Amino acid sequence: MDWDKLRVFHAVAEAGSFTHAGESLNLSQSAVSRQISALEESLSVPLFHRHARGLILTEQGELLFRTAREVFAKLSMAEGLISESKDRPKGPLKITTTVAFGSTWLTPRIREFLDLYPDIQVTMVIDDSELDLSMREADVAIRMSPPRQPDLIQRHLLSVPTHVYAAPDYLKKYGMPQQPEDLDKHRLIVYGEDVRAPVQNVNWLLDAGARPGQERKPILAVNNFHAMLRAVLSGLGIAALSDFIAVEHTELVRVLPELIGPPIEAYFVYPEELRTSKRISVFRDFLLRKVAESRLS
């Protein structure tokens with residue numbers, strides 16, 4: 001299959017017309033049309049339905065377009081990696097992570113990363129749902145569970161315990177629990193159970209030290225760890241928070257310090273094809289260094 005004709009076909013399929021494709025390729029409309037007709041003749045199938053309103057891909061055209069789009073995406077990635085190998089790390093880096101980790105721990109440290117690598121353009125997608133890295137919805141992810149897809153590379157980033165925290169104003173008003181059983185009498189803030197939590201056994205505080213038959217009713221259930229943190233800081237109640245959240249707020253008081261919940265495990269994840277990317281490696285090394293400085297792992 002002629003490579004130049006495939007390049008023209010890809011541009012036409014994306015643009016939806018010979019004229020617009022010609023503008024992007026710096027070719028005349030008639031030259032583009034001739035290339036497409038020659039490609040169709042060599043394949044012995046029509047690739048487009050030609051209408052007054054424009055062009056529509058045939059079934060065979062859709063198949064070729066999906067393949068061509070994947071090929072050109074791979075070539076674009078390869079071009080970026082080759083360029084990186086010659087120069088300082090540069091180019092776009094799209095990062096996705098959970099709301100709590102992204103807004104509380106990662107975002108305040110991104111400035112330092114960009115000061116070190118000003119030629120990297122960072123986009124952050126902070127969401128508790130997982131983006132599909134294999135479909136390039138993001139370049140890297142920091143996840144609170146190991147990836148299930150076999151074509152992703154993972155690096156364990158940190159293991160952070162969970163403790164119980166409250167604000168001084170709350171403890172002044174309601175007193176300090178002395179033993180886990182005392183939590184029966186306190187206002188507890190938990191993660192909303194009607195949504196999928198980003199970590200396992202997220203509401204263990206409801207059962208810690210609970211007497212048989214005693215059901216604890218939370219004062220607030222909310223499906224976001226950052227919102228739980230803000231509620232605790234306001235003095236509303238007591239919550240189990242990961243130490244990577246609480247360490248940023250020295251005013252918080254650790255309640256029942258001997259009570260330790262399940263640790264949160266964070267993983268640095270990226271696709272196999274980005275293994276040699278300098279953008280990925282410098283960001284990974286930066287994260288590992290900041291985790292060590294934070295004494296979280």
Side-chain angles (χ1 to χ4, degrees), residues 97-108 126-130 142-146 156-267 290-291 294-297:
T97 189
T98 62
V99 174
F101 190 83
S103 59
T104 304
W105 191 88
L106 181 58
T107 302
I126 297 177
D127 196 320
D128 285 342
S129 63
E130 293 187 1
I142 302 169
R143 294 180 175 168
M144 303 302 124
S145 60
H156 186 263
L157 192 60
L158 53 87
S159 178
V160 189
T162 303
H163 288 94
V164 187
Y165 292 93
D169 287 348
Y170 174 87
L171 297 174
K172 183 177 180 180
K173 184 174 182 179
Y174 295 97
M176 173 74 80
Q178 299 301 315
Q179 54 189 359
E181 291 81 359
D182 295 343
L183 293 173
D184 291 347
K185 303 189 289 282
H186 279 270
R187 297 153 65 101
L188 303 183
I189 301 166
V190 301
Y191 197 93
E193 294 183 349
D194 58 334
V195 293
R196 180 179 178 271
V199 296
Q200 298 295 317
N201 196 16
V202 65
N203 288 331
W204 59 272
L205 192 61
L206 291 176
D207 301 317
R211 296 179 176 86
Q214 177 73 37
E215 183 181 0
R216 292 173 178 163
K217 296 288 188 183
I219 186 69
L220 175 68
V222 58
N223 65 329
N224 182 287
F225 284 116
H226 191 252
M228 290 172 63
L229 167 67
R230 303 308 302 179
V232 171
L233 289 169
S234 75
L236 176 63
I238 294 173
L241 299 172
S242 170
D243 288 358
F244 77 72
I245 296 176
V247 74
E248 304 294 317
H249 298 274
T250 56
E251 68 270 34
L252 288 178
V253 179
R254 185 177 292 182
V255 175
L256 300 169
E258 74 285 353
L259 197 59
I260 303 175
I264 289 181
E265 308 287 349
Y267 297 84
K290 300 314 290 183
V291 165
S294 300
R295 292 178 294 179
L296 287 176
S297 57

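None of the values given here were measured: they were computed from a predicted structure.
- For the atom pair CG of Asp243 and OG1 of Thr162, the computed distance is 7.0 Å after rounding to the nearest 0.5 Å.
- Glu258 places a side-chain heavy atom less than 4.5 Å from the side chain of Pro180.
- The CE atom of Met176 lies 10.5 Å from the OH atom of Tyr170; values are rounded to the nearest 0.5 Å.
- Ring geometry for Tyr191 against Phe225 counts as tilted: the plane angle lies between 30° and 60°, on a 0 to 90° scale.
- Looking at heavy atoms from C-beta onward, Val160 lies out of side-chain contact with Val247 at the 4.5 angstrom threshold.
- Residues Gly192 and Ala221 share a closest heavy-atom pair of CA-CB, 4.0 Å.
- A donor-acceptor distance shorter than 3.5 angstrom exists from the side chain of Asn224 to the backbone of Ala227, with no hydrogens or angles considered.
- Between Tyr165 and Val232, the shortest heavy-atom contact is O-CG1, 3.9 Å.
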Side chain to side chain contact (heavy atoms under 4.5 Å, CB included) for Leu205 and Arg216? Distances and angles first, verdict last.
CA-CA 9 Å; Leu205 192 61; Arg216 292 173 178 163; 5.5 Å; no
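- Here the CD1 atom belonging to Ile219 is positioned 8.5 Å from the CD1 atom belonging to Ile189, to the nearest 0.5 angstrom.
- Between His156 and Tyr267, the ring planes are perpendicular. Angles over 60° get that label, and only those under 30° would be called parallel.
- In terms of heavy-atom proximity, Thr107 sits nearest to Gly102 at OG1-O, 2.5 Å.
- Summarising the geometry, atom NE2 belonging to His186 is positioned 8.5 Å from atom CG belonging to Leu256; distances are rounded to the nearest 0.5 Å.
- Nearest heavy atoms, Ile142 versus Thr97: O-OG1, 2.8 Å.
- In this structure, the separation between CD on Glu215 and CG on Asp184 is 11.5 Å, given to the nearest 0.5 Å.
- Within 6.0 Å of CZ in Arg254 there are more than 12 heavy atoms belonging to other residues, nucleotides or ligands.
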His163 and Ile260: side chain to side chain contact (heavy atoms under 4.5 Å, CB included), yes or no, with the steps?
CA-CA 5 Å; His163 288 94; Ile260 303 175; 3.5 Å; yes
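- Taking CG from Asp169 and CG from Leu236, the interatomic distance works out to 12.0 Å, rounded to the nearest 0.5 Å.
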What's the verdict on side chain to side chain contact (heavy atoms under 4.5 Å, CB included) for Asp128 and Asn223, showing C-alpha distance, side-chain angles and the deciding distance?
CA-CA 10 Å; Asp128 285 342; Asn223 65 329; over 6 Å; no
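- In terms of heavy-atom proximity, Ala239 sits nearest to Met228 at CB-CE, 4.2 Å.
- Between the side chain of Asp207 and the backbone N or O of Trp204, no donor-acceptor pair lies under 3.5 Å.
- In terms of heavy atoms, Ala100 sits closest to His226 at CB-N, 4.3 Å.
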